[in-house]
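What follows is a set of notes on a single structure, which appears directly below.
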Amino acid sequence: MGAKGKKKKLGLGSWIILVICAMVFCGSAGYLGLYAKDKLDSEKEFNELGDMRAAGLENLYAENNDFVGWIEVDGTRINYPVMQTPDNPEFYLHRDFHKQDSVSGTPFADATSILTGKYKTWNWVIYGHNMKFGTMFHDLEKFGDKEFWKEHGTFTFDTYNPEDGVQMGDYEIVTVARSRIKEAGSTEFKYCQYACYNDEETFNEFVEGIKREALYDTGITPEYGDQLVTLTTCAYHTNEGRFYIVGRKVN
């Protein structure tokens with residue numbers, strides 16, 4: 001009878017485990033809280049930037065001359081400014097539009113993509129995070145469903161710079177694909193390495209590569225002279241996975 005009423009005391013090892021678990025829990029809760037705050041802060045900022053966009057892209061450039069354009073993808077929450085910093089390629093990986101620290105970052109163009117002038121590259125590569133809360137480029141993976149692509153097969157990428165002014169761009173999606181980061185020195189097709197060319201041979205090589213990696217046939221094959229935009233984000237189907245779509249300018 002008396003034995004049943006006694007509480008078993010925890011040993012030192014058990015207490016250490018409990019303390020570690022509590023620390024992990026508090027750390028995880030703190031991280032999630034920071035993550036949620038970053039989401040709210042970034043959504044507020046992008047809503048304000050969207051209002052500025054409505055008044056003219058030149059206003060966004062005046063606010064931050066790293067701004068090169070605005071991306072909006074039909075049927076998704078992708079509706080963001082796009083930045084570019086050739087001298088510091090990943091500057092906006094974890095910074096907001098106003099250059100402050102941000103988990104979400106801001107979509108940015110590959111440093112080697114040339115969006116202006118006589119020698120524009122034919123493929124502009126734009127990177128964005130795949131955020132668990134569904135922001136940034138998370139919704140790109142919706143295009144893994146061919147039926148979704150059939151209903152939402154377009155996006156817009158409008159650009160601005162003082163040299164060319166505002167250039168409106170409507171794009172039809174020609175390829176949806178999953179890929180991965182290939183090992184250094186590998187001769188395998190690496191779609192992200194086609195951001196800096198303007199010759200026909202390399203264009204055709206790129207088109208052949210994205211067709212091989214495509215999840216399904218869209219029935220559209222780009223031709224040399226077309227302006228392409230590749231939107232890419234992380235994916236989790238494999239180690240170092242990537243998901244991307246390629247659009248062709250139609251106006």
Side-chain angles (χ1 to χ4, degrees), residues 69-80 82 93 104-105 107-110 112-113 121-157 169-197 200-251:
W70 193 281
I71 185 74
E72 184 172 1
V73 181
D74 185 35
T76 76
R77 285 173 286 185
I78 299 171
N79 190 19
Y80 301 115
V82 176
L93 185 66
S104 302
F108 60 94
D110 191 284
T112 63
S113 290
T121 51
W122 43 252
N123 181 33
W124 302 336
V125 178
I126 301 174
Y127 305 94
H129 284 300
N130 184 345
M131 301 301 290
K132 292 181 179 179
F133 278 113
T135 56
M136 297 297 105
F137 280 6
H138 175 83
D139 280 354
L140 281 185
E141 292 196 277
K142 288 184 176 182
F143 290 97
D145 179 357
K146 188 174 183 179
E147 293 305 311
F148 182 85
W149 164 76
K150 287 179 179 178
E151 296 178 4
H152 307 283
T154 62
F155 64 85
T156 62
F157 179 50
D170 294 328
Y171 292 79
E172 60 180 353
I173 297 171
V174 301
T175 300
V176 175
R178 287 193 179 95
S179 189
R180 60 182 174 82
I181 298 299
K182 314 293 177 32
E183 294 75 12
S186 169
T187 58
E188 295 178 272
F189 174 70
K190 303 170 185 176
Y191 73 96
C192 276
Q193 293 188 359
Y194 291 80
C196 58
Y197 299 101
E200 185 172 2
E201 181 180 356
T202 312
F203 179 93
N204 293 333
E205 183 180 294
F206 176 73
V207 172
E208 290 174 5
I210 62 175
K211 287 289 185 182
R212 286 196 303 271
E213 291 194 330
L215 296 177
Y216 47 81
D217 183 10
T218 64
I220 307 169
T221 301
E223 298 179 355
Y224 183 66
D226 290 338
Q227 179 62 59
L228 306 179
V229 169
T230 299
L231 308 181
T232 179
T233 192
C234 293
Y236 305 103
H237 59 281
T238 188
N239 186 43
E240 295 288 353
R242 295 294 184 270
F243 192 97
Y244 67 94
I245 68 173
V246 180
R248 175 176 72 173
K249 194 173 184 180
V250 294
N251 65 332

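Note that these values count all heavy atoms, side chains included, but never hydrogens, waters or copies made by symmetry.
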With sequence neighbours left out, what residues match [X] under side-chain hydrogen bond (donor to acceptor under 3.5 Å, both in side chains)?
X    : result
E213 : S179, K182, Y244
H129 : none
W70  : N79
T154 : none

| Inter- and intrachain pairs under salt bridge (charged side-chain N to carboxylate O under 4.0 Å, His left out), touching residues 235-248, at least two apart | E172-R248, D226-R248, E240-R242
| field | Pairs satisfying side-chain hydrogen bond (donor to acceptor under 3.5 Å, both in side chains), at least one member in residues 188-197, at least two apart | value | R180-E188, S186-E188, Y191-T232, Y194-E205
Would you call [X] and [Y] a side-chain contact if the rule is heavy atoms closer than 4.5 Å?
X    : Y    : result
L231 : V73  : yes
V229 : V246 : no
N130 : E141 : yes
E72  : F155 : no
P222 : L228 : yes

| said: Regarding E208 and K211, does a basic nitrogen lie under 4.0 Å from an acidic carboxylate oxygen? | reply: no
Enter the distance from [X]:[atom1] to [Y]:[atom2] here, rounded to the nearest 0.5 Å.
X    : Y    : atom1 : atom2 : answer
M136 : R77  : CE    : CZ    : 10.5 Å
H152 : E147 : NE2   : CD    : 11.0 Å
F243 : T233 : CZ    : OG1   : 10.0 Å
I173 : D74  : CD1   : CG    : 8.0 Å

| request: Given side-chain contact (heavy atoms from CB on, under 4.5 Å), test T112 with T121 step by step and report yes or no. | output: CA-CA 9 Å; T112 63; T121 51; over 6 Å; no
| note | Looking only at heavy atoms, the pair that brings P107 and I126 closest together is CB-CG2, 4.3 Å
Can [X] and [Y] be counted as having a side-chain donor-acceptor contact under 3.5 angstrom?
X    : Y    : answer
Q227 : N123 : no
N204 : Y224 : no
T156 : D170 : no

| remark: Exactly one of Y127, W124, Y80 clears ring-ring contact (aromatic ring centres under 6.0 Å, His included) with F108, and that residue is Y127
| query | For the ring pair F143 and W149, is the centre-to-centre distance below 6.0 Å? | reply | no
| request: For this output row, return yes or no: ring centroids of F206 and W122 closer than 6.0 angstrom. | output: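 Aromatic pair counts; centres sit under 6.0 Å.
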| task | Apply the test side-chain contact (heavy atoms from CB on, under 4.5 Å) to residues V250 and Y171: give CA-CA distance (whole Å), side-chain angles for both, the deciding distance (0.1 Å), then the verdict. | result | CA-CA 6 Å; V250 294; Y171 292 79; over 6 Å; no
| Derivation and outcome, side-chain contact (heavy atoms from CB on, under 4.5 Å), residues R178 and L215 | CA-CA 7 Å; R178 287 193 179 95; L215 296 177; 3.6 Å; yes
| task | Report the C-alpha distance between I245 and T175 in whole Å, list the side-chain angles of each, state the deciding distance to 0.1 Å, and finish with yes or no for side-chain contact (heavy atoms from CB on, under 4.5 Å). | result | CA-CA 6 Å; I245 68 173; T175 300; over 6 Å; no
